[in-house]
Peer 1: 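Here it is, the structure, as structure tokens.
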Amino acid sequence: MSLFDRFVSKEPGEQKAKSFFPTPYMKRFSELDLSSKEAKSQYPDDSKTIDAFLLSLKDACRARYKKALDEQEPMKAEARFFLSKDRMSAFACLLPPENHGEGITLEEFLEDMHYEGINYGILEKEIPQEFETGYLHIFPVARGKLPLPGEDGKVTELFQRRKNMRLEVQSGSEVDFNQDVQLQPIRKGAAICLIRLPRAGTDGTDVTGQELPSPQPFSPYVPQGKNTTIGRGGQALTAGVDGILYIENEQFCIHEQKIIDGNLDQFQGTLRISGNLYIGGNVDGGANVEASGDIVINGKVGQARISSTGGTIRVQKGIYGAKGETTLSAAGQVQSPVVEWASIDAGASVITETISNSTIHCGGMVYAMSGRGMIVDSLIRAQDSILCLRIGNLAGGRSQFSVGYPPHVPELWKQLKSDLKEVQSTIEVLWELITGLRKKGTRITEEEQDLLKQLVEQRNFYTEKREELTIELKSVNKVLDKKSKAKIRCEKLYPTLEVQIGRQSEEIITIEENCEIHVEDNKIYYH
């Protein structure tokens, strides 16, 4: 078991650190200077790293001190980490709390280090002792392993080692749109790596766990994966097909698909693709795109109609549509950081950061829990839940949400009730006209008799239609009467929000905090 696992499994205990009284940050600078001298004396090979860390720590102390003075709020102690330029060593320092804030536990320190990506060469025995030394103490926490240099042979990679870039449905999980996910399109025959033989050596690893590869003895390791070939007389790894280059199991692979390098905004008619499609730029100008697989758009979507009959649609830079002119339909998910003035129909979830003035139907959940996490002036019908940070804004507006049932069912239910009401009204009018004519008895004219016959036929037609609508409505009611655990959850709700869950509906016209909306005992609750 690693140090991290052992400490996380224990009951958390507060750090037994030195007590510090609030003092100007200049005094802390002196303590940091003294600590850096001691660290450089003990680790002379890391002097440049320690000097750079010292400057960063002073900036952090200055900022924390000023913030504490301005806000007069307790500020928790903080762990700071620093990597050497070659990422072969990592140092840490604890900054004390401000305004009687809480300290930091060893468990929290180890978690912080883990989430900073320091996960290799951890100094498990030394860290607890250094941690107990207290605040403003600079100490090492990890050491990487240097690779042994090889000879002669070499592999030169011409592309970045991006991780699996095949678009995959994520079952409602969060997508980080801020992460650099520029896909790497490549043409058949293009060189991925240049190979020079031979070279022998051993691999190394930096403190972040990144492998520093060295080829095997007698020949370099060629990272050859799916849809790649050794070409040019064994001197290059080349692409075997058009597609997207990605790394999987330390091998370059190609996800085969149709590639459009630039923008798609002048295309006339419908672009139909069998399989997956990658578009390197924007899609606009009324373009109509259909693909049987995944569609990846590396730019923006404007006025366009995009359909994936068997996959997921991902728009990397957002959907900025026009009313009635922008539609996206996918058998799987639709992923986009922004959805504005668009109509979306997704068989699975919709994952985004902002939705405004849009209509969304999806067979999964609507998930907007990163970035702004905002939904404004939109109609959303989701078979699962709707999770976001914020509904509405200060300017006001109206959104309509329904959750927990197939997205077409709530609309069908409303339409059936409306149609049934209209048919019933028509029958009542027909009955009134028929009754009036029948009261004439023998005084009725031939023209009136013909009219009466027509009215009776119309009444019978609408009576049958009423029976059909009643049967269909009962069937829909059975679906809506099934219990659902779906919910609507947000941190902030601005009015007005119209909610439907099953056959229950509610209009929320108050501002709510940390709001969860669900059905219980045939009633909608929100709190």
Side-chain angles (χ1 to χ4, degrees), residues 169 171-172 309-310 327 329-334 343-351 355 358-367 375 378-388 391 398-431 458-490 493 496-509 515-527:
V169 174
S171 302
T309 58
T327 63
S329 175
Q333 287 188 344
V334 172
S343 177
I344 292 179
D345 192 341
S349 300
V350 173
I351 302 179
I355 302 172
S358 295
T359 299
I360 293 177
H361 294 75
C362 72
M365 70 165 54
V366 173
Y367 192 94
I375 304 176
S378 295
L379 168 64
I380 300 179
R381 302 201 184 282
Q383 187 162 344
D384 205 328
S385 299
I386 299 175
L387 307 179
C388 61
I391 300 173
R398 175 178 288 270
S399 289
Q400 300 177 57
F401 292 178
S402 69
V403 296
Y405 301 89
H408 71 281
V409 171
E411 292 179 343
L412 177 60
W413 181 68
K414 287 185 177 181
Q415 186 63 49
L416 287 172
K417 291 206 306 180
S418 175
D419 291 348
L420 191 58
K421 183 178 180 181
E422 184 178 345
V423 167
Q424 180 62 38
S425 176
T426 301
I427 291 173
E428 291 174 359
V429 171
L430 290 171
W431 265 113
Q458 291 181 16
R459 181 202 62 187
N460 293 338
F461 169 79
Y462 279 102
T463 300
E464 290 179 3
K465 188 173 183 181
R466 179 179 63 183
E467 292 175 356
E468 292 173 356
L469 289 172
T470 301
I471 292 172
E472 190 173 0
L473 182 59
K474 286 181 179 179
S475 177
V476 173
N477 282 338
K478 287 183 179 179
V479 175
L480 293 177
D481 286 339
K482 293 180 180 179
K483 292 184 179 181
S484 172
K485 294 182 179 180
K487 57 183 175 292
I488 301 166
R489 191 172 66 203
C490 66
L493 188 156
T496 300
L497 175 63
E498 186 180 321
V499 177
Q500 181 182 354
I501 306 178
R503 288 201 280 169
Q504 315 304 318
S505 60
E506 184 79 22
E507 186 176 72
I508 302 176
I509 58 174
C515 184
E516 181 176 302
I517 306 168
H518 64 279
V519 163
E520 188 176 330
D521 298 328
N522 294 322
K523 183 178 180 181
I524 291 180
Y525 290 89
Y526 58 94
H527 54 77

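Each residue takes its place number in the sequence, starting with 1. If you're wondering where the values come from, they're calculated on a predicted model, not measured in any experiment.
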Peer 1: Measure the spacing between CD1 of Ile471 and CG of Leu416 and express it to the nearest 0.5 Å.
Peer 2: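 Here the interatomic distance stands at 12.0 Å.
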Peer 1: Taking the side chain as every heavy atom from C-beta outward, state whether Ile386 and Ile375 have any pair of such atoms under 4.5 Å apart.
Peer 2: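 SC-SC contact between Ile386 and Ile375 confirmed.
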Peer 1: Nearest 0.5 angstrom please: Leu420 CG to Glu472 CD, how far?
Peer 2: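 Nearest 0.5 Å value for the CG-CD distance: 10.5 Å.
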Peer 1: Could you state the interatomic distance from CH2 (Trp413) to NZ (Lys417), rounded to the nearest 0.5 Å?
Peer 2: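 Answer rounded to 0.5 Å: 3.5 Å.
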Peer 1: Determine the minimum heavy-atom distance between Gly364 and Ala382, stating which atoms define it.
Peer 2: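 Residues Gly364 and Ala382, closest heavy atoms: O-CB, 3.6 Å.
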Peer 1: Please test Glu507 against Arg398 for salt bridge (Lys or Arg N to Asp or Glu O under 4.0 Å), starting from the C-alpha separation and ending with a verdict.
Peer 2: CA-CA 10 Å; Glu507 186 176 72; Arg398 175 178 288 270; 2.9 Å; yes
Peer 1: Counting distance only, does the side-chain N/O of Ser399 pair as donor-acceptor with the main-chain N or O of Ser378 below 3.5 Å?
Peer 2: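 Confirmed, Ser399 side chain pairs with Ser378 backbone.
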Peer 1: Drop me the distance from Ile360's CD1 to Ile355's CD1, to the nearest 0.5 angstrom.
Peer 2: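 Atom-to-atom, Ile360:CD1 and Ile355:CD1 are 3.5 Å apart.
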Peer 1: I would like to know whether Ile517 and Leu497 meet side chain to side chain contact (heavy atoms under 4.5 Å, CB included); could you show each step before the answer?
Peer 2: CA-CA 11 Å; Ile517 306 168; Leu497 175 63; 3.9 Å; yes
Peer 1: So Val403 and Ser385, side chain to side chain contact (heavy atoms under 4.5 Å, CB included) or not? Walk me through it.
Peer 2: CA-CA 6 Å; Val403 296; Ser385 299; 5.6 Å; no
Peer 1: For the residue pair Cys362 and Ala348, what are the closest heavy atoms and their distance?
Peer 2: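 Minimum heavy-atom contact is CB-O, 3.3 Å.
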Peer 1: For Met365 and Asp384, work out which heavy atoms get closest and say how close.
Peer 2: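 Distance-wise, the nearest heavy atoms are N-CB, 3.6 Å.
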Peer 1: Between His361 and Thr359, does a side chain to side chain contact (heavy atoms under 4.5 Å, CB included) hold up when you go through it step by step?
Peer 2: CA-CA 7 Å; His361 294 75; Thr359 299; 3.5 Å; yes
Peer 1: Below 4.5 Å, heavy atoms only, C-beta onward: do Gln504 and Glu520 meet side chain to side chain?
Peer 2: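 No, every pair of side-chain atoms sits at 4.5 Å or beyond.
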Peer 1: Side chains of Gln424 and Glu428, heavy atoms from C-beta outward: is any pair under 4.5 Å?
Peer 2: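 Yes, close enough: below the 4.5 Å cut-off.
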Peer 1: Heavy-atom distance under 4.5 Å between the side chains of Val350 and Tyr367, does that happen here?
Peer 2: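 A side-chain contact is absent here, since even the closest heavy-atom pair is not under 4.5 Å.
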Peer 1: So, Ser402 versus Arg381: side-chain donor-acceptor pair below 3.5 Å or not?
Peer 2: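 The answer is yes; a qualifying pair exists.
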Peer 1: Tell me the closest heavy-atom pair linking Ile501 and Val499, and the distance in Å.
Peer 2: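 Of all heavy-atom pairs spanning Ile501 and Val499, the closest is CG1-CG1, 4.0 Å.
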Peer 1: Taking everything shown except Glu411 itself, do over 12 heavy atoms lie less than 6.0 Å from its CD?
Peer 2: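 Yes, the 6.0 Å shell around CD holds more than 12 heavy atoms from other groups.
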Peer 1: Side chain of Gln500, backbone of Gly502: donor and acceptor closer than 3.5 Å?
Peer 2: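 Yes, because the side chain of Gln500 sits within donor-acceptor range (under 3.5 Å) of the backbone of Gly502.
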Peer 1: Can you measure from CG (Leu387) to CD (Glu516) and round to the nearest 0.5 angstrom?
Peer 2: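 With rounding to 0.5 Å, CG (Leu387) is 9.0 Å from CD (Glu516).
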Peer 1: Side chain to side chain contact (heavy atoms under 4.5 Å, CB included) between Phe401 and Val366: does it pass, once the steps are laid out?
Peer 2: CA-CA 11 Å; Phe401 292 178; Val366 173; over 6 Å; no
Peer 1: Looking only at heavy atoms, what is the nearest atom pair of Trp431 and Arg459, with distance?
Peer 2: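 In this case the closest contact between Trp431 and Arg459 is CH2-NH1, 3.1 Å.
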Peer 1: Looking only at heavy atoms, which two atoms of Gly404 and Ala486 are closest? And how far apart?
Peer 2: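 Here Gly404 and Ala486 meet closest at CA-CB, 3.4 Å.
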Peer 1: Answer whether the closest heavy-atom distance between the side chains of Ile488 and Leu493 falls below 4.5 Å.
Peer 2: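 No; the side chains remain at least 4.5 Å from each other.
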Peer 1: Look only at the side chain of Ser418 and the backbone of Lys414, and say whether a donor-acceptor pair between them is shorter than 3.5 Å.
Peer 2: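 Looks like no, no N/O pair under 3.5 Å.
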Peer 1: Do Gln458 and Thr426 have side chains that approach each other closer than 4.5 Å (heavy atoms only, starting at C-beta)?
Peer 2: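 No. Closest side-chain heavy atoms not under 4.5 Å.
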